[in-house]
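All values reported here derive from a predicted model rather than from experimental measurement. Per chain, numbering begins at 1; letters A, B, ... match sequence-line order.
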There are 2 protein chains.
Amino acid sequence: MAHDDLEAYPLTGRFLMGRLRHALSTEEKQVLESLVETVEALDEPTTILARGKLCDRSTMLLEGTLLRTIEQGERRFIVGVHVPGDFADLHCFALKRLDHNLVTIGPAKVGYVPHTRLEELMEQRPHLARLLWFSSLLDAAVHRQWILKLEQLPAVKRVAHFFAELWHRLDLVGLGRRDGLRTPLIQADLADMCGTTAIHMNRALGQLRKEGIAEFRRGTLYVPDRQALERFADFDPSYLYGKGDLRVRNELG
Amino acid sequence: MAHDDLEAYPLTGRFLMGRLRHALSTEEKQVLESLVETVEALDEPTTILARGKLCDRSTMLLEGTLLRTIEQGERRFIVGVHVPGDFADLHCFALKRLDHNLVTIGPAKVGYVPHTRLEELMEQRPHLARLLWFSSLLDAAVHRQWILKLEQLPAVKRVAHFFAELWHRLDLVGLGRRDGLRTPLIQADLADMCGTTAIHMNRALGQLRKEGIAEFRRGTLYVPDRQALERFADFDPSYLYGKGDLRVRNELG
DNA sequence: CGTTCCCTTGAGTAGTTTCAATACTTGTGG
DNA sequence: CCACAAGTATTGAAACTACTCAAGGGAACG
C-alpha cells in the first residue's frame, strides 16, 4: 500500500506515511497531489525562505533534507530538520512570515503549494485541512522532544537521540535502511542542533564510536545495534505518533 | 477594545489578544465563547491531562499558569508554559493523546471545550478554524525559541530570556505590569525549564540580582530596567507575533 | 598537486553538577 | 506566643562537562 501510494502520488505519497495517511481517502490523496504547483530540484544549499520574508506559498519536501535555522550573530543554530513527506512551512500559511530560515542542504527536491489553494482547501475540505493541521502538530511534538533532549541530556546522548529520531522518521516514510542512514549533515551541523561546538561534537562522536554505539563518518551513520543506541539515548519513539502507545487509532472523522 | 472584549467575553476574551484577535468577527467571538462548556477553578496543583490518556475535550486557560511537563525517571522537565488566553491542548483535538502532561500550578481557572464542538467548527467555520490553527502554530514558534535558547545561552541568560518572554506574553493578553510580574513558579520550576539543577538556578538568579538585571524572590520578579534585561538575554519578541509596539498596561493581573 | 572543506587532537579555562550542610518562610498545633 | 515541620532558598568545595584557542591530518576535487 505504501508503495502503491508512491507510484500513484509521486509528489505527496510520503505525506503522513506511517502516521495518519491511512485516514486519507483516495479523493483526498488526489486533491493533495494536485496542490503542488511547481517542483524544484536544488543541488546546492539553498535558502528556500528567509526569516521575516512574506510568502504566498508553502513547501513540501520531496527528496533530501531541509533545515530550520536561526542566525544569531556569527553562529547559526538549527531548530528543526525535515525528511521527505514533511510539509515544511504550513506555518507560513497562517503566519505569513517565518521566525526562522528554511534551508536545504545536499541535493533536495521541493514542491510548492500556493496559499490560494490552501485557502480553498480550508473552506471545502475540512477533513483534509484537519490532517494538515495534524501534521503541523507533529512538528510541535518533535520540537518538544528537542527541548526535553536539550534540557536533559549531555552532548553525547543528544546526538545519539537525534540519530535515533532521524532514523525512525526515515523509516516512517519508507526511507529507512537496515543498519543506519546517510545524510548530508556534517559534524558542524550536528553541533548546531545539539547546542555544542563542532569540536566538542567531534569528541562526542568519537565516544559513540569507541563505545561501539554508532559510527558517523562523513555523512554515513552505521549502527551495529539499534536497541543499544536507543537505550543509550533514552529514546522513546512514541512522540512521533507512529507506532507505540500514543499512536492515533481513531480515523479522524 | 481589549477591555470591551474582556467584559463581553469573560471566558475567551484573551484568546489571541494582541495577535490576530482583531481578525475575529463579533459573531466568531460569540461562537468561540460558546465553545466553553464547563469551567473549573483549581487551587491545588492539578494534572489536567496526563501523558498518553485519551481525551475528548480541549482546555483553554482562563486564569493562572499551566505547564507542559514530561517526567523522566526521577526528574520532571518543563517543555512549555501557558498564560491566560492560551488554548492549551488543541494538540489533543487532532492527536487524541498527548506526549506530555498538562499541569496547573498555583490557583488557576480553566475552561473545557468538547471536541464535538471543535469538529462542528472545522466544518462550518473555516475562518475561525484557521485562527485556532494559527494559535497552535504560535505555540510551535515559542517551542523553537526555547530550542534556540537552550542551544545558545548559558543558564543565567536562559532564565533572563524566560522572564522576558513571560512578561511579554502577559502584556499581550493585558496582564502585564509595569516593573515585573508575579508567578507561582519556584526556583526548581525555573531549573526544570532551563535544563539546569535547582542549585545552579539559584546561583544564576543570584547573579541576575547582583548585576542589577532582575530580582526574583518567591514568585515576585522585579526588573528595574526592562531593556537591560532583554539586551542581556538576547531577547527579540518578534517570534511572539505580537504587534510591533507593545504598550505596558497597568491594571491588575 | 595543491586548495578547500572537513575532521581530529591537546592543553588550559569557564560553566555546571554533585554532595553536603545551613538558613529562611509559611502554616500548624500546643 | 512559641515550637515545629515542610517547603523553599542559599552557600562551599570537589568533580565533571563543555568551551576556547591553537595546531595538525585526511579526503575530495579541480
Just N and O in the side chain of [X]: are any of them under 4.0 Å from OP1 or OP2 of [N]?
X: A:Thr197; N: D:dA18; result: no
X: A:Gln187; N: C:dT8; result: yes
X: A:Arg209; N: C:dC7; result: no
X: B:Arg203; N: C:dT18; result: no
X: B:Asn202; N: D:dT10; result: yes

*Picking from B:Leu208, B:Leu181, B:Leu166, what satisfies side chain to side chain contact (heavy atoms under 4.5 Å, CB included) with B:Leu221?*
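In the set B:Leu208, B:Leu181, B:Leu166, the residue that makes a side chain to side chain contact (heavy atoms under 4.5 Å, CB included) with B:Leu221 is B:Leu181.
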
_Distance in angstrom units between A:Arg158 CZ and D:dT17 P, rounded_ =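 Between P of D:dT17 and CZ of A:Arg158: 13 Å.
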
*Would you mind reading off the distance between B:Arg217 atom CZ and C:dT25 atom C1', rounded to a whole angstrom?*
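My rounded result for the distance is 13 Å.
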
Check every strand shown and say whether [X] touches a base, only sugar-phosphate, or nothing at a heavy-atom separation below 4.0 Å.
X: B:Leu205; result: nothing
X: B:Ala198; result: nothing
X: B:Gly219; result: nothing

*Determine, for A:Arg51 against B:Asp236, whether the closest basic-nitrogen to carboxylate-oxygen distance falls under 4.0 angstrom.*
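B:Asp236 and A:Arg51: salt-bridged.
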
*Pair B:Asp99 + B:Arg68: basic N to acidic O under 4.0 Å*: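 Result for this pair is no, no salt bridge flagged.
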
_Minimum heavy-atom distance between A:Pro184 and A:Gly106, given as atom pair plus value_ =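 The answer is CB-CA, 3.9 Å.
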
*Which of the following nucleotides, D:dT20, C:dT25, D:dC19, is nearest to the side chain of A:Ile199?*
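The closest nucleotide is D:dT20.
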
